[in-house]
Amino acid sequence: MVKIISRQSLGVQPVYDIGVARDHNFLLADGQVASNCFNKSHSTAYGFVTFQTAYLKANYPVEYMAALLTSNSGDQDKVQMHIGNCIAMGIEVLPPDINRSLVDFTPEGQSILFGLSAVRNVGLGAIECILKNREAEGPFTSLAELCDRVDLHSVNRRALESLILSGALDPIDPNRHQLMQDLELVIDWAQSRAKDREIGQGNLFDMMLGGDTQAASPTSGYETAPKAPPVADFESQEKLRQEKELLGFYISDHPLKSVQRSARVLAPINLAELHEQPDNVTLSAIVILASVKPVVTKKGDRMAIVQLEDLTGQAEAVVFPKSFERIGQHIVADKRLMVWGKVDRRDDRVQFIIDDAEPVEDVRMVMVELDPRLAGDIEQQHRLRNVIRSNQGDDPKYARVPVIAVIGANQQRQFVRLGAQFRVKDPEAAVTALMNANFQARATPLISA
């Protein structure tokens, strides 16, 4: 008799990265895959690896995810998806660190340290030079010391710029703008010192500070390195943009991270799961517009093709002319939006068709306080439904404000999001109507000021 074993019985999320297709929901104990016609030897090997990786993910999650990130470091979409999984699992992915990072992603306690090999423009030769020098002479304490100790032919200016802007030098000096201003001066200074060492000629300031050049302290002379006039650091959003450019994703922070917790009550979909969503159903997602490509149709109408991004991944979306006419002012690169729309499958591609959008700062909810004794009362439910439906406007399709029922009080409260058919158009008017019907209600923003 064949016994069917659910992967969920392992107590972990399904593992899809080891070659098992996403639609294989069950594994047969005799070595067959329920939805596949592989021969037994093939499917047995898949099954064996599935259970091995499931065990590792359940018992060694940090080490497992670090290995997964390293093995997919060349695929930014997969790395971003796995970083999103790390966040969901409570595992923090730390930015690259010039004094701690190794070549690959490395477990560090309950966190994962970013690998230097995943920083754009930093080649293996530069990494080997940095790690060899760090192991021999200890951590770097300043930009001047870094440039003086490494071979600037291996660790060139472009690599140093990438290390600075990706945050790898933040432990030395968190002012990335200042380091960028100093870099050209410090490189010239370090190259001059290197030439002096090649011909056996000590720097005048080194000899004054340390006497004999050979006996001087290893750090002598770094204080004499030139510095540019003081400048303020980059704005937070600019630092994140630079990180995204060099790493392929945000790492020290994410524009949507502050929204993630409060947005759970709205149950937006994750972009990594977009292909799993049903057709012809209105869905919502909280995203940032990674890029926007304006398009003008043959009729002269404006529309846009945009790249959406959230903490789990990216997806392509389309804003057709009719929708663009209403929400075009929000379709701007780097804008954080809550979008509503439907999945479109065409030519083996999955797109999101955006029907409506609103900046996350403007997203509001209507909270209705319900006594637990009355929450199950059919009459009360009927009254609540009628009040809500009377505040959906002329076309309920454009009612976007969700209604949240708060049942109980203090620590015993439960939040119940009412279905999409119970959204309202004007939160203030809905609150007034609910209060007039003796329901305790309030309008609240998704993001507190």
Side-chain angles (χ1 to χ4, degrees), residues 6-18 20 22 50-73 75-97 100-102 104-116 118 166-168 170-171 236 239-240 243-244 247-274 276 285-288 309-315 336 338 360 411 413-415 417 446-448:
S6 169
R7 289 198 190 119
Q8 279 72 13
S9 67
L10 297 172
V12 296
Q13 294 294 319
V15 181
Y16 299 126
D17 46 80
I18 42 73
V20 180
R22 289 179 181 268
T50 298
F51 280 102
Q52 283 184 319
T53 52
Y55 174 82
L56 292 173
K57 186 174 182 181
N59 293 279
Y60 303 95
V62 177
E63 292 79 1
Y64 175 80
M65 294 306 295
L68 204 56
L69 286 164
T70 296
S71 66
N72 291 282
S73 59
D75 189 328
Q76 289 185 353
D77 289 340
K78 285 189 176 180
V79 169
Q80 184 172 8
M81 179 183 71
H82 293 319
I83 288 179
N85 290 338
C86 287
I87 294 171
M89 295 165 65
I91 300 172
E92 183 180 8
V93 180
L94 303 172
D97 186 328
R100 291 159 51 213
S101 290
L102 301 177
D104 298 322
F105 290 86
T106 310
E108 191 171 273
Q110 296 302 306
S111 304
I112 297 175
L113 187 60
F114 208 89
L116 293 177
S166 67
D170 281 6
S236 175
K239 292 171 80 169
L240 290 177
E243 286 180 11
K244 174 95 183 289
L247 305 177
F249 34 81
Y250 305 103
I251 185 67
S252 64
D253 200 359
H254 193 286
L256 298 178
K257 193 177 290 185
S258 60
V259 189
Q260 184 186 30
R261 193 179 197 119
S262 56
R264 287 178 184 171
V265 71
L266 302 181
I269 63 167
N270 292 328
L271 294 182
E273 303 168 352
L274 186 63
E276 301 173 4
I286 292 181
V287 301
I288 185 169
E309 180 179 319
D310 66 7
L311 291 167
T312 66
Q314 295 188 340
R336 298 187 303 173
M338 185 160 189
V360 294
Q411 301 301 319
R413 293 190 305 171
Q414 289 186 342
F415 293 82
R417 178 178 52 86
L446 175 63
I447 304 177
S448 300

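Values reported hereafter were calculated over all heavy atoms of this structure, with side chains retained and with hydrogens, waters and symmetry mates removed.
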Asker: Pairs in or reaching into residues 60-69: which pass salt bridge (charged side-chain N to carboxylate O under 4.0 Å, His left out), with residues at least two apart or in two chains?
Answerer: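 For residues 60-69, and leaving out neighbouring residues, there are no salt bridge (charged side-chain N to carboxylate O under 4.0 Å, His left out) pairs at all.
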Asker: Using side-chain contact (heavy atoms from CB on, under 4.5 Å) as the criterion, list what pairs up with F415, not counting sequence neighbours.
Answerer: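 Checked F415 against side-chain contact (heavy atoms from CB on, under 4.5 Å); matches are V265, M367, I404, V406, R413.
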Asker: For R100, which residues count as a salt bridge (charged side-chain N to carboxylate O under 4.0 Å, His left out) partner, sequence neighbours excluded?
Answerer: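 In terms of salt bridge (charged side-chain N to carboxylate O under 4.0 Å, His left out), with neighbours along the sequence ignored, R100 is linked to D97, E108.
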Asker: Can you check whether E92 reaches I112 side chain to side chain, under 4.5 Å on heavy atoms?
Answerer: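 No, too far: nothing below the 4.5 Å cut-off.
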Asker: For M338 and L266: C-alpha separation, side-chain torsions, deciding distance, then whether side-chain contact (heavy atoms from CB on, under 4.5 Å) applies.
Answerer: CA-CA 10 Å; M338 185 160 189; L266 302 181; 3.8 Å; yes
Asker: Taking all non-hydrogen atoms of both residues, which atom of L116 and which atom of P96 are closest, and how far apart?
Answerer: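 That would be CD2-CB, 4.3 Å.
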Asker: Before you tell me yes or no, could you show the steps for L69 and C86 under side-chain contact (heavy atoms from CB on, under 4.5 Å), namely the whole-Å CA-CA distance, both residues' side-chain angles and the distance that decides it to 0.1 Å?
Answerer: CA-CA 10 Å; L69 286 164; C86 287; 4.3 Å; yes
Asker: Using atom types as modelled and distance alone, determine if a side-chain donor or acceptor of T106 lies under 3.5 Å from a backbone N or O of D104.
Answerer: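 Flag set: sc T106 to bb D104 pair under 3.5 Å.
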Asker: Checking P255 now: which residues fulfil side-chain contact (heavy atoms from CB on, under 4.5 Å) with it, not counting sequence neighbours?
Answerer: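 Expected list: Q237, L240, Y250, I288, R336.
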Asker: Of all the heavy-atom pairs spanning F105 and S73, show the shortest one and how long it is.
Answerer: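 For F105 versus S73, the nearest heavy atoms are CE1-CB, 4.3 Å.
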Asker: Give, for atom OH of Y64 and atom NE2 of H82, the distance between the pair rounded to the nearest 0.5 Å.
Answerer: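 That separation rounds to 7.5 Å.
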Asker: Got a second to check how far T53's OG1 is from L68's CG, nearest 0.5 Å?
Answerer: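 T53 atom OG1 to L68 atom CG measures 9.5 Å (nearest 0.5 Å).
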Asker: Write down the atom of N72, the atom of V79, and the distance for their closest heavy-atom approach.
Answerer: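 N72 and V79 have their closest heavy atoms at O-CG2, 3.0 Å.
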Asker: Hey, what do you get for CE (M81) to CG (L271), rounding to the nearest 0.5 Å?
Answerer: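 Result: 13.0 Å between the selected atoms.
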Asker: Rounded at 0.5 Å granularity, tell me how far CG in L256 sits from CD1 in I87.
Answerer: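 If I round to the nearest 0.5 Å, the distance is 10.0 Å.
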Asker: After noting the C-alpha distance and the side-chain angles of H254 and L311, does the key distance pass the side-chain contact (heavy atoms from CB on, under 4.5 Å) rule?
Answerer: CA-CA 8 Å; H254 193 286; L311 291 167; 3.3 Å; yes
Asker: For Q414, give me all partners under side-chain contact (heavy atoms from CB on, under 4.5 Å), at least two apart in sequence or on another chain.
Answerer: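 Checked Q414 against side-chain contact (heavy atoms from CB on, under 4.5 Å); zero matches.
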Asker: Just to verify, what does T70 make a side chain to side chain donor-acceptor pair (under 3.5 Å) with, not counting sequence neighbours?
Answerer: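 Side chain to side chain donor-acceptor pair (under 3.5 Å) check on T70 returns nothing, list empty.
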Asker: Could you tell me which non-hydrogen atom of V360 sits nearest to which non-hydrogen atom of I447, and how far apart they are?
Answerer: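 Of all heavy-atom pairs spanning V360 and I447, the closest is CG2-CD1, 3.7 Å.
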Asker: Residues in side-chain contact (heavy atoms from CB on, under 4.5 Å) with L274, at least two apart?
Answerer: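 Listed in chain order: I269, A315, V343, V350, F352.
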Asker: Check step by step if side-chain contact (heavy atoms from CB on, under 4.5 Å) holds for S111 and I91.
Answerer: CA-CA 5 Å; S111 304; I91 300 172; 5.6 Å; no
Asker: Would you find a donor on one side and an acceptor on the other, under 3.5 Å apart, between the side chain of S101 and the backbone of F114?
Answerer: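 Yes.
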Asker: Roughly how far, to the nearest 0.5 Å, is the NZ atom of K57 from the CE atom of M65?
Answerer: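 Answer rounded to 0.5 Å: 6.0 Å.
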Asker: My understanding is that only residues two or more places apart in sequence, or in another chain, count here; which of them pass side chain to side chain donor-acceptor pair (under 3.5 Å) with D170?
Answerer: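 Side chain to side chain donor-acceptor pair (under 3.5 Å) list for D170, sorted by chain: R176.
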Asker: Can you find a heavy atom in the side chain of I286 that is under 4.5 Å from one in the side chain of D310?
Answerer: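 Side chain of I286 against side chain of D310, heavy atoms only: no contact under 4.5 Å found.
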